[in-house]
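Written below as C-alpha cells is the structure these notes are about.
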Amino acid sequence: MILKNSAWIWTPYAPARPGPPDGALHGVHPQALFAGCLTALAERTGFDPAEVDDVIAGKRHPVR
C-alpha cells in the first residue's frame, strides 16, 4: 500500500471506560461520536472531507 498523501493526527486523551448507563453520551453511537470529531477537525483545519478516502482510528490502550 502506498500512501501518497497522509496525515497522522494525535488527539487528546478520552475516557477509556464506558460511562454510566444514565450518562449524557449513553445513547450516542460511537460512530456518531467519531463523526463529530472528524467534522470538528475539518472545520478547524480547513481540509475538504470529500478528498478523504480512508480514516483509520484506534485507541492507545488495548481493551481489558
Side-chain angles (χ1 to χ4, degrees):
M1 177 164 90
I2 299 173
L3 299 176
K4 294 182 180 180
N5 296 311
S6 62
W8 289 81
I9 301 169
W10 297 92
T11 62
Y13 293 110
R17 302 273 186 246
D22 59 345
L25 298 176
H26 176 72
V28 182
H29 194 278
Q31 290 176 342
L33 289 173
F34 190 61
C37 293
L38 293 177
T39 300
L41 179 64
E43 291 171 357
R44 292 178 185 181
T45 61
F47 75 86
D48 181 6
E51 294 182 11
V52 177
D53 292 325
D54 296 306
V55 175
I56 301 171
K59 60 181 277 172
R60 183 171 171 250
H61 297 289
V63 175
R64 294 179 186 167

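Please read all numbers here as calculations on a predicted model, not as lab measurements. Note that these values count all heavy atoms, side chains included, but never hydrogens, waters or copies made by symmetry.
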| Atom CG of D54 with >12 non-hydrogen neighbours under 6.0 angstrom |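 Check fails, neighbour count at 12 or below.
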| query | With the 4.5 Å side-chain cut-off for hydrophobic clustering, are L41 and V28 part of the same group? | reply |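 No, L41 and V28 fall in different hydrophobic clusters.
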| query | When hydrophobic residues are tied together by side-chain contacts of less than 4.5 Å, even through go-betweens, does F34 share a cluster with V52? | reply |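 Yes, F34 and V52 fall within the same hydrophobic cluster.
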